[in-house]
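Shown next, in structure tokens, is the structure this report addresses.
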There are 2 protein chains.
Amino acid sequence: MAETESRPELRYGNRPTMKDVAARAGVGLKTVSRVVNGEPGVTPDTEQRVQEAIEALGFRRNDSARVLRKGRTASIGLVLEDLADPFYGPLNRAVEEVARAHGALLINGSSAEDPAREQELVLALCARRVDGLIVIPAGDDHRYLEPEIAAGVATVFVDRPAGRIDADVVLSDSFGGAREGVAHLIAHGHRRIGFIGDQPRIHTAAERLRGYYAAMEDAGLATDDAWVSLGSTAPERVRDAVTAMLDGPRPVTAVFAGNNRVTVTVVRVLAGRERPVALVGFDDLELADLLRPGLTVVAQDAARLGRAAADRLFRRLDGANDAPARTELPTRLIARGSGEIPPWTP
Amino acid sequence: MAETESRPELRYGNRPTMKDVAARAGVGLKTVSRVVNGEPGVTPDTEQRVQEAIEALGFRRNDSARVLRKGRTASIGLVLEDLADPFYGPLNRAVEEVARAHGALLINGSSAEDPAREQELVLALCARRVDGLIVIPAGDDHRYLEPEIAAGVATVFVDRPAGRIDADVVLSDSFGGAREGVAHLIAHGHRRIGFIGDQPRIHTAAERLRGYYAAMEDAGLATDDAWVSLGSTAPERVRDAVTAMLDGPRPVTAVFAGNNRVTVTVVRVLAGRERPVALVGFDDLELADLLRPGLTVVAQDAARLGRAAADRLFRRLDGANDAPARTELPTRLIARGSGEIPPWTP
DNA sequence: CATTCAGTTGACAACGTTGTCCAGGCCCTA
DNA sequence: TAGGGCCTGGACAACGTTGTCAACTGAATG
């Protein structure tokens, strides 16, 4: 084999191009293009010759070149916070389904809750010329997206609103959900209720905290800074926070957990305590019904969030030009036992 | 209604190109390219003029065109079975991390366990000219990938081996893991053990079944077709299967569940039974330690699978040319209670 | 028979980027 | 001052595809 590979680069390993197919089939370049794209105006005879050449050479159209020519990539970008977080799985899946229905591919990545990384990722996607973006924002300033949006990149934010720009957003009613969850605890007799949440710079975290305060106020209950813990959701921190609330001078009898990761840790801590403590968590968990007691949660429908965002995105891509809208989906309280534990009395 | 496209097209909404930047900065096209790519040979003065023009126009390099020219897309494709399955979250995440470290983007999609959809997705990714592919195969014939691999698309299979082609594969020791899990039950006195698995055409499912039989045979125990259930992992089917095994003429005293979805359903069924039944599940679950009894599992390290596969892929992309290899990662038995329940005796 | 017409087909120029190569301008040395 | 080298900058072609448009075929029409 005299493979004189003096070539400078591999270039996709030298894949056949339409030109090669055309040469082999003895037709013009454009005719191959027509066959590949199912355009009309090719005799069955010619078409077959081209198909055979395609088959023989193992030709596959180069979509990069196509994109360059056509201006649409038929792909959308999804930036979420953590691909490994079970909460985002169904959301991711739902977005993919909608994209698939529209013939688009999904490019995704996670920001790891780091605004700089979010921006880096988003801009990389823009450089790829994705047709649209779905972003679960980590940062709170998205003005860097202005030139992109102006250039026509449809953008929808999910789970948290965009910062300092006007854009579509789809989110759950964090405020209402937390308020309902805390009210549920109050309805079961609790007066001293702890709240453990994420960093308040995260919109959902702030909203849930607001819901907590609203519910307490609705019921005319006093609050205590010692009952509220905000910050990282790292297990050790959450563990310490819960312990402090339970062992403090005015111990709480119930806890509201601000998201799924917090809830998991709180459940672990409470499992190790003698005295029963009521618990309601934001976000559902797969095995929540199998715990003893079952876990009472305020559930959001992640798949529905994803679907709504993707629908919105594709409507924009299809030309919808109305003002950016905020879509808020309701949450659902699921009582399974842990939230119905009465306050402990000595 | 014949829609006549009067306007040419949106073309990314007319984004500025290097040509525009060059015109504005009063320099040549190639000079802009040099600045954008940080190539040497540009005076600080010129560079600044170019930077200002870029800033002013909101220019962002078009990676599609770049890809076309350079022949590398700096993106890899990941095809998995279900984006929403919590098992794949950490795997997905691990692959993304490695890709990120190599400056590559991740395009992904799920096959929904449908071979046709897998092929469609894989070929779409190839048309995008991803540099490499990581596939969790749904089908069992991957010869359709031969031209792609020959053309230089690095491909690594994860979780299950490729069908009818020779390719890298990274998987867990399903056989060994299942054998160990079942042996664990036997060591705790069980003699009649049920096995509930997925369709045996799925490699992991078949291997786990093999592990089950091997453990039984190792211990000199007889098996019974009524103790083995294979097929869809739909909850109703699993529920019926478990019930049949527990209420049959030779009732099992322990169950081995072939994957996480099966396990969840089995736990639900057993929770509703009076008589205690031992259970070991393949795959860990987030709240497994919080169940009563805690769930004994054979755990695989999904993140490690993903990392190993991605490492392998990028080694190939960096030019490694050795023969396709099979990497098998060990599983780990985690005893938490459910697998240590002794056989029920009347 | 000349003419039109519909149906096929291919030549060619884009798309936006990067690699190659050459032209100037500068500084240095002899 | 001439010759050499280095540095900077730009003209141009290519990458693989698709849109445009004109040329060709054969048949149908006058």
Side-chain angles (χ1 to χ4, degrees), chain A residues 6-50 54 57-74 126-129 151, chain B residues 4-50 53-54 57 59-74 126-129 151:
Chain A
S6 57
R7 296 190 144 255
E9 251 174 292
L10 267 181
R11 310 212 58 72
Y12 314 125
N14 274 331
R15 302 191 68 125
T17 71
M18 284 192 178
K19 204 167 144 188
D20 302 322
V21 175
R24 174 159 187 137
V27 302
L29 184 53
K30 179 64 202 191
T31 300
V32 177
S33 171
R34 271 194 270 261
V35 171
V36 169
N37 294 298
E39 289 171 25
V42 181
T43 46
D45 178 54
T46 311
E47 168 156 5
Q48 199 192 331
R49 276 215 318 285
V50 172
I54 288 177
L57 295 173
F59 167 81
R60 187 102 46 213
R61 180 180 62 198
N62 184 333
D63 272 356
S64 292
R66 173 168 225 249
V67 157
L68 177 59
R69 187 67 234 266
K70 300 201 69 134
R72 281 271 171 145
T73 57
C126 288
R128 285 303 161 96
R129 296 294 188 268
Chain B
T4 45
E5 310 240 347
S6 55
R7 87 193 140 158
E9 238 173 306
L10 267 181
R11 310 213 58 70
Y12 315 125
N14 274 330
R15 303 190 68 125
T17 71
M18 283 192 176
K19 203 167 145 189
D20 302 321
V21 175
R24 173 157 186 138
V27 302
L29 185 54
K30 180 64 201 189
T31 301
V32 177
S33 171
R34 272 193 270 262
V35 171
V36 169
N37 294 298
E39 288 170 25
V42 182
T43 44
D45 179 53
T46 312
E47 169 157 5
Q48 198 190 333
R49 276 215 319 286
V50 172
I54 288 177
L57 294 174
F59 166 80
R60 189 101 47 211
R61 181 179 62 198
N62 184 332
D63 273 356
S64 293
R66 174 170 223 250
V67 157
L68 176 60
R69 186 64 233 262
K70 302 200 68 134
R72 281 273 170 142
T73 57
C126 288
R128 286 304 162 95
R129 296 294 188 267

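To find a chain, count down the sequence lines: A is the first, B the second, and so on, and within it residues start at 1.
Contact annotation: Lys19(B) does not reach the phosphate of dC15(C) (side-chain N/O to OP1 or OP2, under 4.0 Å). Close to dC15(D), at under 4.0 Å from its OP1 or OP2, lies no side-chain N or O of Arg69(A). In terms of phosphate contacts, Asn37(A) brings a side-chain nitrogen or oxygen within less than 4.0 Å of OP1 or OP2 of dT18(D). Distances shorter than 4.0 Å separate none of the side-chain N or O atoms of Arg129(A) from OP1 or OP2 on dG16(C).
Five base pairs at each end of the helix from dC1(C)-dG30(D) to dA30(C)-dT1(D) define two local axes, and these are offset by 60° (rounded to 10°).
Regarding Glu39(B), its CD atom lies at a distance of 14 Å from the P atom of dG10(D), rounded to whole Å. dT17(C) atom C1' lies 20 Å from atom CZ of Arg66(A), rounded to whole Å. For the pair Met18(A) CE and dG16(D) P, the interatomic distance rounds to 12 Å; values are reported in whole Å. Taking atom CG on Asp63(B) and atom C1' on dG16(C), their separation rounds to 11 Å, with Å as the unit. Here the P atom of nucleotide dA13(D) and the NZ atom of Lys70(B) are 21 Å apart, to the nearest Å.
Among the protein residues, Ser33(B) comes within range of the nucleic acid bases, having at least one heavy atom under 4.0 Å from a base atom.
Between Val36(B) and Ile54(B) there is a side-chain heavy-atom pair separated by less than 4.5 Å. Between Arg66(B) and Asn37(B) the shortest side-chain heavy-atom distance falls below 4.5 Å. Under the 4.5 Å side-chain criterion, counting only non-hydrogen atoms from C-beta, Thr73(B) is not in contact with Arg128(B).
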Check: residues 39-48 of chain B side-chain donor-acceptor pairs under 3.5 Å, at least two apart:
residue	atom	partner	partner atom	Å
Thr43(B)	OG1	Thr46(B)	OG1	2.7
Gln48(B)	NE2	Glu52(B)	OE2	3.1

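A distance-only check finds a donor-acceptor pair linking the side chain of Arg49(A) to the backbone of Ala25(A) [under 3.5 Å].
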key: Sequence-aligned protein contact record of nucleotides 7-12 of chain C, with B where the base is within under 4.0 Å of a protein heavy atom and S where only the sugar-phosphate is   = -SBBB-
